[in-house]
Amino acid sequence: MAVMNQNYCNLKESYLFSQIAAKVNAFVEKHREKKVIRMGIGDVTLPLAPSVVAAMQKAVAEMGVKDTFKGYGPEQGYAFLRQALVKYYDNQGIGLAADEIFVSDGAKSDCGNITDLFDNVNTILVPDPVYPVYVDTNIMCGRKIVYVDGLPENNFLPMPDYAINADVIYLCSPNNPTGAAYTKEQLQAWVDYALSKDAVILYDAAYEAFVTDPDIPRSIFCVEGAKTCAIELCSLSKTAGFTGTRCGYTVVPHDLKRKAGNGADMSLNKMWLRRQTTKFNGVPYIIQRGAEAVFSTQGQAECQEMLDYYRENARIMMKTLAQKNIRFFGGVYSPYIWLQCPEGMGSWEFFDYLLEKLAIVGTPGAGFGKRGEGYLRLTAFGSREATIEAMSRIEEKL
Ligand SMILES: *Cc1c(COP(=O)(O)O)cnc(C)c1O
């Protein structure tokens, strides 16, 4: 008899995006004349950079020629891409070996799959509000989850509480949904906490490329001691428009070691290599060639130009919100603006209000955790025209 994983019963129904879609569809049915502006789902809209497209086209041609055809590749990624990533980190003053980098089909898979390395007895620490994948993947293994609160008082950057004994810690900076980003000193405090608890930090850096301020780290490995307590998860999705193309990478340092319950020395790098070579067969060659182009000088310039477009959208949004005296967070190091619902409205209440009155779609903050209630996330991933139109509606009618 197949006994089911009963932990799935403990998952909350994922109402968020389906409920948003249902409400938006009903609104569109009723008001066909109104132009709905979608600032809800965190997906990019600009196409891939020209050098990325060219690299992938070249790779497609290679696949059609006997001498350059590729079958199975290395599960952990081709050397050309891992070397390009070594150089990318080196430019930030972070020294990594190529075999500390594992190429993957995106950060979401790795966020979930990395749970394979840890026993289910671990207590998982998750900031609230945050990307829902951290919570759900751990509920699926029946783990205990504790929360640290993101609040306006701490600028949605919760700091460690030594009274909490956490074993695995998720951090996301710049943050989805709040857009908040930790300083180097704040990350140092988290690393110190993790070291004192012998815990491991899973650092989600999906938005690192949005950071331009040299005082805001783009990698946790610029913090002293991080290589002995942290894994970094990265993605080309938001930084190079790869949401549909699928490529990311995870850094597991050689210095990251822990003891198993039976006293055995465990290298997390070796464990992850074994896990990936067993359960994953690598990212397509064509996609990895496209990813390599992202990290070329030309590719970086093109991608930063793309991010500049989104940054300008965010500036336009922040200007309007400031004028309207609406309190908000984020928008500077991330494509997300996290705003406090005006007049004490709840997340869904304000969502409905924006949709009905202004035909603008946001994401209710309550969907990202208990502490998200009373907030709403807007994204800067739309077109310039739509962003300007949405802000003029807010200016005139809110
Ligand atoms: C979008 C996102 C991801 C997922 O990225 P993929 O590489 O597309 O799977 C991971 N973490 C956060 C915080 C995100 O917002």
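Indexing begins at 1, ligand by ligand and atom by atom, following the structure's order.
- The aromatic ring centres of Phe102 and Phe280 sit 6.0 Å or more apart.
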Inset, instruction - Apply ring-ring contact (aromatic ring centres under 6.0 Å, His included) to Phe156 and Tyr375, showing your working. - result: CA-CA 12 Å; Phe156 289 96; Tyr375 289 82; 5.1 Å; yes
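- Each of Val191, Val223, Val200, Ile220 was checked for a side-chain contact (heavy atoms from CB on, under 4.5 Å) with Cys229, and the lone residue meeting it is Val191.
- Gln298 and Ser51 are not linked by any side-chain donor-acceptor pair at a separation below 3.5 angstrom, with hydrogens and angles left out of the test.
- Just one of Arg258, Lys257, Lys259 meets the salt bridge (charged side-chain N to carboxylate O under 4.0 Å, His left out) condition when paired with Asp265; it is Lys259.
- Using bins of under 30°, 30° to 60° and over 60° for the plane-to-plane angle, the ring pair Tyr162/Tyr193 lands in the perpendicular bin.
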Does ligand 1 have any N/O atom under 3.5 Å from a protein N/O, and what are those pairs and their distances?
residue, atom, partner, partner atom, Å
ligand 1, 7 (O), Ala107, N, 2.8
ligand 1, 7 (O), Ser235, OG, 2.6
ligand 1, 7 (O), Ser237, OG, 3.3
ligand 1, 8 (O), Ser237, OG, 2.5
ligand 1, 8 (O), Arg246, NH1, 2.8
ligand 1, 8 (O), Arg246, NH2, 3.4
ligand 1, 9 (O), Ala107, N, 3.3
ligand 1, 9 (O), Lys108, N, 2.9
ligand 1, 9 (O), Arg246, NH2, 2.8
ligand 1, 11 (N), Asp204, OD1, 3.4
ligand 1, 11 (N), Asp204, OD2, 2.6
ligand 1, 15 (O), Asn176, ND2, 2.8
ligand 1, 15 (O), Tyr207, OH, 2.5
ligand 1, 15 (O), Lys238, NZ, 3.1

